[in-house]
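A short worksheet on the structure shown next.
Just so we're on the same page: letters track the sequence lines, and every chain starts at 1. Excluded from the calculations below are hydrogen atoms, water molecules and symmetry mates; all remaining heavy atoms, backbone and side chain alike, are included. No experiment lies behind these values; they were computed from the predicted model shown.
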Amino acid sequence: MEEFRKKKLEELAKSQKHVYKYEFESPYFIHEIREKYEKEPRKDKIVVKATVKRVSKLDDGFVLRIASSSGLEMLAYTKESFEPNKTYNIEGILSRVDEKLSLIDAKVSTNEPNTTIDDIKKEFDLDPNFEDVSIAGRLVALRSMGKAIFGHIQDFSGKLQIYIKKDVVGDEKFKFVEDFLDVGDIIGVKGKLFRTHTGELTVEVFDIELLTKALNNMPEKWHGIKDVEIKYRQRYLDLIANESSRKVFVLRSKIIKALREFFDKNKFMEVETPILQPIASGATARPFITYHNYLESELYLRIAPELYLKKLIVGGIPRVYEIGKNFRNEGVDTTHNPEFTMVEFYAAYWDYKKLIKFTEELFDYLIEATNIDKVHTENGIINLKPPFRVAKFFELLEEKTSKDKKFFLHHEEELKKFAQELGIPRAYTLPKAKLIEKVFEYTVEDELVQPTFIIDFPKILSPLAKTHREDDELVERFELYINKKEIANAYSELNDPEDQAKRFLEQKLQKATGDEEAMETDDDFVEALKYGMPPTAGEGIGIDRLVMLFANVDSIRDVILFPATRKIE
RNA sequence: GAGCCACUAGCUCAGCUGGUAGAGCAACGGACUUUUAAUCCGUGGGUCGGGGGUUCAAGUCCCCCGUGGCUCACCA
């Protein structure tokens, strides 16, 4: 804790000023105020004549503060080196970065100026005309100029400059600000909006109030929080300091909201099924175990909601979806968190072909909602706009290995040998189903960068999927791969109770031969099927991975607010 | 679970073959009424992740432990 701040707190208490206020009238978020007076540029390429006032180094290039002859300023992001105090014709793409009008990809231009900073400002930064505002936020910067003080307040939606003049707020208030306010404090201000001569939207403050004192120092303003350990364990600091992080979680919220809208629009009903389950089935994964004192029995945190949702289809709900967490007791890495969010949905009278179309419609909807239809990854530009490629599981395998379906399903010894040659560890001890999966991973997965539906999986990999109508050894199932990651998994649901019982039995046998992740038998589910489940298709989409895709981040921990971390001793 | 790498001021980072622990921002004192990574002058700040060892001397070399990252294994 900061000693000086503590002292300020004590002094304030002595003078009977409340340091932790109860409320403040603040009808708008900061972004709503900015929205009124700031138009979004359309990313046109422009050329302006400007003088470079300051050059600041970034990790990747420079930021320039450039000014017109009349003194209006804007920022320019560049990779080229510019000399301060020189005048250039600068071209770049007009956009808004960190709330400020900026040129991106700026460079020295041989073209004549086609506009001026003054004209641009007039068009996109409107005159607020001294509107009265009352607004609260965290003080994130404070620059004292003697008898005037500039600062910035920030809320989750944005940042706004404040300007405190001694002869406007009065000697007493001004001294209070000088003596007691620190960067990090939560404050409320009342004042009127104007633009400074460099054009920044600013509140000229006539009243200012300390609402909450911050005792700890804030993270550094320029570099933000980089230490991933602090980012994950103290996410609030990450959210205060890093705009990029705020953006990711806003995007996540947008995506989940869009999913709900999309399902609601398509007449799906949202439900909740148990997280504490007596049998952890519906997927192949190891569960967390917990204990219920009253029932005197072990319970599992669910690894999938699948079987419960299908029971609801039996119960007559024609279309259901659930957005919620699954828990899997497995390793943690950049694509796996022990608890993760999925949407699972089931529709009676549909089959997996209908789901392919439906999934494409869903992506169309997400593209519209997020305004993102392409992502630039290290694997190249991924185009998220449907329609997507459709490819058969065994055809892809055959393309890469020149071995056919028969080889994989009926020549186990040779398959083992082949797997060994591919470098798959412990090839001789793995069960056949695992081997096929592994070979697929080793040979095909790397090429699945653009969105691809892989269809028609082998039956032995899919104990809950319906047998393929044209091939008894396959099931009607697809997985959607994007950027080498599985994003969705879907199938025509198996609704023959006897077949289902048989498949569970096969899983049991696999478990007996050492496959720890083989699926648990759920007799209640088989019982439900005996009452008749209409033909149904179902799908699960990993929301964390979906957000990773749209946000273009590499680690699942960057899209989960509080990812799993080890306890610090 | 295995291998490699990292951990230094509140934050971001320097610190070579062992020789009195550094910078920028933040903080503290001062100047400045349109600044904006403000500027200018001055000041304080450290169990170098923890523990042990080698040495006249360890942030630096060795061993153990902790946390994290990457790769692999496991897994969606």
Side-chain angles (χ1 to χ4, degrees), chain A residues 1-5 7-8 53-59 62-63 65 71-73 75 98-100 140-152 159-169 174 182-184 194-202 204 214-234 237 240-242 283-286 303-304 326 328-338 340 342 423-426 430 434 437-438 441 445 479 481 485-489 516-517 540-542 544-545 554-557 565-569:
Chain A
M1 180 153 44
E2 251 294 338
E3 213 177 300
F4 296 103
R5 296 186 179 217
K7 215 167 274 167
K8 286 177 187 175
K53 308 280 271 197
R54 179 201 294 280
V55 181
S56 310
K57 182 118 186 60
L58 291 180
D59 291 345
F62 305 89
V63 192
R65 180 167 283 278
L72 278 178
E73 291 183 3
L75 298 178
D98 200 17
E99 333 252 24
K100 289 174 182 154
V140 290
L142 203 57
R143 298 179 290 277
S144 170
M145 300 281 302
K147 298 193 176 61
I149 299 172
F150 285 91
H152 276 95
K159 231 192 283 183
L160 187 62
Q161 181 162 259
I162 60 174
Y163 178 45
I164 306 158
K165 269 206 295 198
K166 193 169 189 173
D167 54 15
V168 173
V169 293
F174 195 81
D182 291 299
V183 168
F194 75 110
R195 282 187 186 278
T196 61
H197 87 242
T198 56
E200 175 153 3
L201 191 64
T202 304
E204 183 173 316
L215 290 178
N216 286 347
N217 271 326
M218 290 299 121
E220 202 238 19
K221 65 186 172 195
W222 187 240
H223 297 93
I225 296 274
K226 279 194 178 161
D227 184 339
V228 292
E229 224 176 312
I230 297 176
K231 274 174 74 106
Y232 302 146
R233 288 182 204 269
Q234 293 175 274
L237 291 180
I240 290 166
N242 298 330
T284 54
R286 268 181 293 182
I303 55 173
N326 292 334
R328 300 189 181 176
N329 205 341
E330 291 156 358
V332 174
D333 63 28
T334 48
T335 51
H336 297 82
N337 195 63
F340 63 99
M342 291 239 307
I424 292 169
R426 303 198 320 275
L430 288 177
K434 275 263 151 64
E437 253 181 342
K438 281 278 147 201
E441 235 174 68
E445 214 171 85
E479 289 189 347
Y481 271 83
K485 292 188 188 91
E486 182 200 329
I487 297 287
N489 180 18
E516 268 188 73
E517 271 101 23
I541 299 176
D544 309 290
R545 291 187 183 178
D554 295 325
S555 172
I556 198 168
R557 293 175 157 199
T565 51
R566 224 175 280 270
K567 197 160 105 190
I568 302 174
E569 300 292 315

Across all chains, not counting sequence neighbours, the ring-ring contact (aromatic ring centres under 6.0 Å, His included) partners of F62(A) are none
| Interatomic distance at P, G42(B) relative to A37(B), whole Å | 24 Å
Here the gap from Y163(A) atom OH to M145(A) atom CE, rounded to the nearest 0.5 Å, amounts to 8.0 Å
Whole-Å distance, R233(A) CZ to G68(B) C1', equals 8 Å
- prompt: Are any of R54(A)'s side-chain N or O atoms less than 4.0 Å away from OP1 or OP2 of A37(B)?
  reply: yes
Residues at least two apart in sequence or cross-chain that pass side chain to side chain contact (heavy atoms under 4.5 Å, CB included) with K159(A), listed by chain then number, are D98(A), E99(A), V140(A), H152(A), Q154(A)
Phosphate OP1/OP2 of C74(B): any R286(A) side-chain N/O under 4.0 Å: no
Note: E330(A) and A285(A) closest approach over all heavy atoms is OE2-CB, 3.1 Å
When rounded to whole Å, the CZ to P distance for the pair R426(A) and A73(B) reads 10 Å
Checklist entry - U12(B) and G51(B): how far apart are their C1' atoms, nearest whole angstrom? => result 28 Å
query: Taking the same atom, C1', in U20(B) and in G24(B), what whole-Å distance lies between them?
result: 23 Å
Under a 3.5 Å limit on both distances, the Watson-Crick or wobble mate of C16(B) is none
| request: Report yes if the side chains of I424(A) and L430(A) come closer than 4.5 Å at any heavy-atom pair, otherwise no. | output: yes
note: N329(A), atom CG; G1(B), atom P; distance rounded to Å ~ 13 Å
Query raised in the report: What nucleic acid atoms does K8(A) come within less than 4.0 Å of, heavy atoms only: base, sugar-phosphate, or nothing?
Result: sugar-phosphate
RNA chain B nearest-nucleotide lookup for S555(A) and Y481(A): closer to the 5′ end is S555(A)
E441(A) atom CD is separated from C74(B) atom P, nearest whole Å, by 8 Å
For G44(B), the nucleotide meeting Watson-Crick or G-U wobble distances (both under 3.5 Å) is none
Separation between the P atoms of C5(B) and C63(B), rounded to whole Å:
11 Å
Note: N326(A) and A304(A) closest approach over all heavy atoms is OD1-CA, 3.8 Å
Residues at least two apart in sequence or cross-chain that pass salt bridge (Lys or Arg N to Asp or Glu O under 4.0 Å) with E437(A), listed by chain then number, are none
Those residues at least two apart in sequence (or on a different chain) that pass side chain to side chain contact (heavy atoms under 4.5 Å, CB included) with D167(A) are K165(A)
Could you work out the separation of A21(B) and A26(B) based on their P atoms and round it to a whole Å?
-> 27 Å
C1'-based separation of G52(B) from C28(B) [nearest Å]: 39 Å
Sequence neighbours excluded, the answer for side chain to side chain contact (heavy atoms under 4.5 Å, CB included) partners of E479(A) is F457(A), R477(A), Y481(A), E486(A), N489(A)
Between I303(A) and R328(A), the two heavy atoms sitting closest are O-NH2, 2.8 Å
**Item:** Integer angstrom distance from the C1' of U8(B) to that of C13(B)
**Value:** 9 Å
Regarding the side chain of T334(A), the nearest nucleotide among U35(B), C70(B), A37(B) is C70(B)
Quick one: which protein N/O atoms are closer than 3.5 Å to N/O atoms of nucleotides 29-34 of chain B? Pair and distance per line, please.
from	atom 1	to	atom 2	distance (Å)
C32(B)	N3	S144(A)	O	3.4
C32(B)	N3	G146(A)	N	3.4
C32(B)	N4	S144(A)	OG	3.3
C32(B)	N4	G146(A)	N	3.4
U33(B)	OP2	K147(A)	N	3.2
U33(B)	N3	D167(A)	OD2	3.2
U33(B)	O4	D167(A)	OD2	2.9
U34(B)	O2'	H197(A)	ND1	2.4
U34(B)	O2	H197(A)	N	2.8

Taking a pair to mean Watson-Crick or G-U wobble geometry with both distances below 3.5 Å, G68(B) pairs with C5(B)
From CZ of R566(A) across to C1' of C65(B) the rounded distance in Å is 13 Å
Partner of U34(B) under the Watson-Crick or G-U wobble criteria, both distances under 3.5 Å, comes out as none
In whole angstroms, the gap separating C1' of A26(B) from NE2 of H152(A) amounts to 17 Å
Rounded to whole Å, the CD-P distance (E200(A) to U35(B)) equals 12 Å
Exercise. How would you label the contact of K438(A) with the nucleic acid (heavy atoms, under 4.0 Å): base, sugar-phosphate, or nothing?
Worked result: sugar-phosphate
**Prompt:** Hey, does E437(A) reach any base, or is it just sugar-phosphate, or nothing, if we go heavy atoms under 4.0 Å?
**Reply:** nothing
What distance, rounded to whole Å, do you find between the two P atoms, one in G69(B) and one in U60(B)? 24 Å
Taken to the nearest whole Å, NE2/H336(A) to C1'/A73(B) is 12 Å
For T196(A), the side chain to side chain contact (heavy atoms under 4.5 Å, CB included) test, sequence neighbours excluded, returns F150(A), Q161(A), F194(A), T198(A), E200(A), T202(A)
Next on the checklist: Students often get this wrong, so: under 4.0 angstrom with heavy atoms, is K434(A) touching a base, only sugar-phosphate, or nothing?
Outcome noted: sugar-phosphate
Sorted by chain and residue number, the salt bridge (Lys or Arg N to Asp or Glu O under 4.0 Å) partners of K485(A) (sequence neighbours excluded) come out as none
Tabulate atom names and distances for all N/O pairs under 3.5 angstrom spanning the protein and nucleotides 4-13 of chain B.
from	atom 1	to	atom 2	distance (Å)
C11(B)	O2'	E220(A)	N	3.4
C11(B)	O2'	G224(A)	O	3.3
U12(B)	OP1	K226(A)	N	3.1
U12(B)	OP1	D227(A)	N	3.0

If pairing means Watson-Crick or G-U wobble with both distances under 3.5 Å, then the partner of A58(B) is none
Just to confirm, is there a sub-4.0 Å distance from OP1 or OP2 of A37(B) to any side-chain nitrogen or oxygen of R65(A)? yes
